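What follows is a short report on a single structure.
For the numbers below, each heavy atom of this structure counts, side chains included, while hydrogens, waters and symmetry mates do not. Both ligands and their constituent atoms are indexed starting at 1 by order of listing. Just so you know, these numbers come straight off a predicted model, no measurement behind them.
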Amino acid sequence: MKIERFPGGGLVLTTADFFINWARESSLWPLTFGLACCAIEMMAAYASRFDFERFGVMPRPSPRQADVMLIAGTVVKKMAEPIVTIYRQMPEPKFVISMGSCANCGGPYYDSYSVVKGVDKIIPVDIYIPGCPPRPETLQFAVIKLKEKMDSLKPTRLAMASPVQEKGTRSW
Ligand code: SF4
């Protein structure tokens with residue numbers, strides 16, 4: 001972005017990509033998907049002490065208006081199908097943050113018959129947050145990293161959804 005100053009005013013020059021990315025990053029609306037204890041830390045991030053809304057991050061209960069899915073907790077196989085269905089209902093471009101060891105790889109339940117060994121087995125993940133559980137500040141740092149990743153998007157040159165995005169899932 002370039003700012004040209006002249007007497008009595010100024011002129012801002014930018015690109016459509018920069019402007020769209022800036023607007024999108026400044027109002028990330030996550031679809032919250034609290035599945036286990038990590039969800040308590042996610043909720044704490046929205047509470048007054050951490051105040052996630054300072055980042056423009058406001059939780060949404062509907063996939064139709066959300067652009068980030070926060071998977072916080074243990075993904076059991078029974079929940080895999082609803083997660084994929086809801087992920088497909090989100091508009092493009094959409095992003096996924098996997099919060100905590102359980103969502104990343106099964107965590108303490110990695111050898112359980114009922115737990116998916118990482119949510120990336122069923123939907124594409126953009127940011128992984130390690131920890132059991134990660135603290136709210138870690139979730140906020142993950143959103144900052146996601147914003148950096150979004151900076152590289154070229155919205156004006158976005159093709160249709162990739163085959164993986166179109167499929168909305170990976171086999172597990
Ligand atoms: S990573 Fe730890 S804190 Fe998070 S859901 Fe799993 S067991 Fe609970």
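Atoms of ligand 1 lying under 4.0 Å from any heavy atom of G73, numbered from 1 in the order shown and given with element: 5 (S). Ligand-side atoms of ligand 1 in range of A36: 5 (S), range being under 4.0 angstrom from any heavy atom.
No more than 12 heavy-atom neighbours from other residues, nucleotides or ligands sit within 6.0 angstrom of CZ on R49.
Of all heavy-atom pairs between W29 and G56, the closest is CD1-O, 4.2 Å. Scanning both residues, F52 and V143, for their nearest heavy atoms gives CZ-CG2, 3.5 Å. Nearest heavy atoms, S98 versus V125: CB-CG1, 3.8 Å.
Nearest to atom 2 (Fe) of ligand 1 among the protein's heavy atoms is C132 SG, 2.3 Å. Protein heavy atom closest to atom 6 (Fe) of ligand 1, with residue, atom name and distance, is C102 SG, 2.3 Å. Here the heavy atom of the protein found nearest to atom 3 (S) of ligand 1 is P133 CB, 3.4 Å. When only non-hydrogen protein atoms are considered, atom 8 (Fe) of ligand 1 lies nearest to C37 SG, 2.2 Å.
Cation-pi geometry between K149 and F95 is not met at under 6.0 angstrom from the ring centre and within 45 degrees of the axis.
A donor-acceptor contact closer than 3.5 angstrom links the side chains of D120 and Y128.
Under a 4.0 Å heavy-atom criterion, S101 is in contact with ligand 1.
With 2.8 Å as the limit, C38 counts as an N, O or S neighbour of atom 4 (Fe) of ligand 1.
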